[in-house]
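Here is the structure we will look at, set down as structure tokens.
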Number of protein chains: 2
Amino acid sequence: MDVIRVAAAQIKPILGDPEKNRRKIARFLELAHNDDVDLVVFPELSNSGYNFSSTEQAFATSENIPGGKTIKLLERMAHEYSMYVVVGINERDDNALYNSAVLVGPEGYVGKYRKVHLFFNEKDIFKRGNRFYVFDTRIARIGIMICFDWIFPEAARSLALQGAEIIAHPTNLVLPYWQKMAPLRALENRVYIISANRIGIEGDLTFTGRSIIVSPKGEIIAEASRTHEEIIYADIDLRLARNKNVTPKNNVFEDRLPEAYTL
Amino acid sequence: MDVIRVAAAQIKPILGDPEKNRRKIARFLELAHNDDVDLVVFPELSNSGYNFSSTEQAFATSENIPGGKTIKLLERMAHEYSMYVVVGINERDDNALYNSAVLVGPEGYVGKYRKVHLFFNEKDIFKRGNRFYVFDTRIARIGIMICFDWIFPEAARSLALQGAEIIAHPTNLVLPYWQKMAPLRALENRVYIISANRIGIEGDLTFTGRSIIVSPKGEIIAEASRTHEEIIYADIDLRLARNKNVTPKNNVFEDRLPEAYTL
């Protein structure tokens, strides 16, 4: 497809209450469906909240991917609404936890990504992932990165070079940088980035809201408030993300010279 | 050293008139010297101008590195003023031209860099370089990239991973992006970036001025006008560029996971 409608659901997950969080996710999926959205992205750790008071609380709010309750809800609703959805999930795999995100579509569970670059105290709770994935869906080629992955150019670059047209980016941002700096990340890779951030306060952490959708031209084409739960939308033309030319003679992929790089 | 004074000399080179350009460079070196500058960066192709009307004009305004007249001027003045200087040079090497930049210091000629990512019609005139260099000088470890290299995260990353504390960045910018987007490039590598841009119009090209100095925290700490020749200054603390931590638990180098990247 060429033109699709995408959205970021800026919500406030409740720490330690997966049932409430699933009801909230369901409500926002319904809102997105009412607006004919093809792809909606939710924040990081939407099923559990972020700032765990203990490892026990982190485990208690985790689930398997696939198989967990939130994933099952997403499978049911994505099928019913004929919609793709990316949601940040506190994932349990045996005795390990991962800060993951899941992609679910009308056809069911598509895949997951485990956060590679863990932020601050996440390192005490989660194991890190070790790969970036791009999923070839009916609507677009979708790559996923999570929150702090933004600061590492290698994350978005790895996704773009694997063919991502859209980077779905669940976040729980607390630093003041990304919403200002995202345009370069989108432009240098000529991809769409959908950063779905959360709002609210947990302990000493204030989440910054301002979810954004950025175009391959480095323009912020939708932006949420700092403080309210809401959905932001954009109708995007994927041909723009497939065209890697920034001038008629400059292509951000073909102009690369990997043998010149020390990476 | 820890704290040094750096500058960007925002000038308007005259197309096709290397003699006038050398006199201008000399005047601005004197200005920088009067303000006790340790390192001053000049724009891309400062000896020749940018928008050549023919290959002949490009050759006629080129010079060898080292050995050319501009380099000799820089050697003499950098020694006299005990100063480091980076200048964009139209370089001739046998029958090839390179869009280069030279680093000269009190000790003489230090090294050169040949632009890897050529912009637009530069591809018809110049051969591309094939390596990024970091030079270990008495004042700092200085890497060089030129203008359009900015859009490729691999350029600045290669310099930072080779130990650059400062990226000297001669430019002749015509696109509207860099001055807004540079903060991410500095922050993701925790380096200083000194972008010395030119002003003026050549044919259908309008150069955008607004030379900038950006800190490792992603803050623009000095910025020039759009339209005037001038020098901008900053006293910078190199310890900030050696500290790659963005939080007490997050280091932008140590947190990288190269085996997870597809580059």
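A note on names: the letters A, B, ... follow the listed sequences, proteins ahead of strands, and every chain is numbered from 1. All values below come from the heavy atoms of this structure, side chains included, with hydrogens, waters and symmetry mates left out. Everything numeric here is computed off the predicted structure, so don't read it as measured data.
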Original post:
For Y177(B), is it the side chain, the backbone, both or neither that has a heavy atom under 4.5 Å from a heavy atom of chain A?
Top reply: side chain
**OP:** Write down the atom of A260(A), the atom of S158(B), and the distance for their closest heavy-atom approach.
**Re:** O-OG, 4.5 Å
Original post:
Can you tell me how far the OG1 atom of T247(B) sits from the CG atom of L175(A), to the nearest 0.5 Å?
Top reply: 7.5 Å
Subject >> Top contributor to chain A contacts, counting heavy-atom pairs under 4.5 Å, from N250(B), L161(B), L263(B) >> reply: N250(B)
**OP:** Mark yes when over 12 heavy atoms from residues, nucleotides or ligands other than K112(A) sit less than 6.0 Å from its NZ; otherwise mark no.
**Re:** yes
**OP:** Would you please go through residues 116-133 of chain A and name the residues with a non-hydrogen atom below 4.5 Å from one of chain B, in numerical order?
**Re:** V116(A), H117(A), L118(A), F119(A), F120(A), N121(A), K123(A), D124(A), R128(A), G129(A), N130(A), R131(A), F132(A)
Original post:
P258(B) versus chain A, heavy atoms under 4.5 Å apart: side chain, backbone, both or neither?
Top reply: neither
**OP:** Give a yes or no on whether R138(B) atom CZ has more than 12 heavy-atom contacts from other residues, nucleotides or ligands under 6.0 Å away.
**Re:** yes
Subject >> Close side-chain approach of P183(A) and K180(B), heavy atoms under 4.5 Å >> reply: no
Subject >> Interatomic distance, E188(B) atom CD to I151(A) atom CD1 [nearest 0.5 angstrom] >> reply: 7.5 Å
Subject >> Residues F152(A), L257(B); criterion side-chain contact (heavy atoms from CB on, under 4.5 Å); working and verdict >> reply: CA-CA 10 Å; F152(A) 301 87; L257(B) 188 66; over 6 Å; no
Subject >> Among K249(A), E259(A), E154(A), residue most engaged with chain B (heavy-atom pairs, under 4.5 Å) >> reply: E154(A)
Original post:
So which pairs with a foot in residues 178-202 of chain B pass ring pair (Phe, Tyr, Trp, His ring centres under 6.0 Å), sequence neighbours left out?
Top reply: W150(B)-W178(B), H169(B)-W178(B)
